[in-house]
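The block underneath contains the structure these notes are about, expressed in structure tokens.
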Amino acid sequence: AGNALLAALTELSDGRGQLLVHTEAPWSSATFSGARHTFEIAFLGNTGVAAGEALIAALPDHEFTIAGQLVAEANVTFAESRPGNGVTLPELTVTCELLLLEDS
């Protein structure tokens, strides 16, 4: 399921991001079970930063289609932007958290 989420995030950001970290933690309530996924993704250059900004804008309302799974929450929990300086490229780092539930 983590790979399917990463593929969806990659599509939302036009394939411009580089995955830095992915973690997965089990999650359950009295009626549901699943996992909370955290992705840290870096976007480099003007085009990359624009793609990262598009991901930030689209993520909360995006309808995910993952077989056997339901995305109950999708949020950007952190974003940090660094401007380029002529020597280095502009960079945007985005951290997303998604709660994925088993669809029974």
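Throughout, numbering of the chain's residues begins at 1 and tracks the sequence. Values below: all heavy atoms of this structure, side chains included; hydrogens, waters and symmetry mates excluded.
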Please report the C-alpha distance between V21 and T23 in whole Å, then the side-chain angles of each, then the deciding distance to 0.1 Å, and finally whether the side chain to side chain contact (heavy atoms under 4.5 Å, CB included) criterion is met.
CA-CA 7 Å; V21 176; T23 60; 4.0 Å; yes

Could you grab the distance from atom CD of Q18 to atom OG1 of T10, nearest 0.5 Å is fine?
11.5 Å

Please say yes or no: joined through hydrophobic side-chain contacts below 4.5 Å, possibly via intermediate residues, are V49 and F39 part of one cluster?
yes

Within this structure, what is the CD1-CG distance for the pair I56 and L92, rounded to the nearest 0.5 Å?
5.0 Å

Flag yes if more than 12 heavy atoms outside N3 fall under 6.0 Å of its CG atom; otherwise flag no.
no

Once you measure the plane-to-plane angle for H62 and F64, does it fall in the parallel (<30°), tilted (30-60°) or perpendicular (>60°) bin?
perpendicular

Straight-line distance of E102 CD to L70 CG, nearest 0.5 Å
11.0 Å

Any side-chain donor near an acceptor of the partner, E80 and T93, under 3.5 Å
no

Give, for atom NE2 of H22 and atom OG1 of T38, the distance between the pair rounded to the nearest 0.5 Å.
7.5 Å

Side-chain heavy atoms nearer than 4.5 Å, only ILVMFWY residues, links allowed to pass through others: does that put F78 and L6 together?
no

Apply side chain to side chain contact (heavy atoms under 4.5 Å, CB included) to residues S33 and W27 and explain how you reach the verdict.
CA-CA 6 Å; S33 63; W27 182 94; 6.0 Å; no

Nearest 0.5 angstrom please: I41 CD1 to L20 CG, how far?
8.5 Å

Whether the side chain of N75 engages the backbone of T77 through a donor-acceptor N/O pair (distance < 3.5 Å, no angle test) should be reported.
no

Examine distances only and state if a side-chain atom of T88 and a backbone atom of G84 form a donor-acceptor pair shorter than 3.5 Å.
no

Report whether I66 and L59 are members of the same hydrophobic cluster (ILVMFWY, side-chain heavy atoms less than 4.5 Å apart, transitive linking).
yes

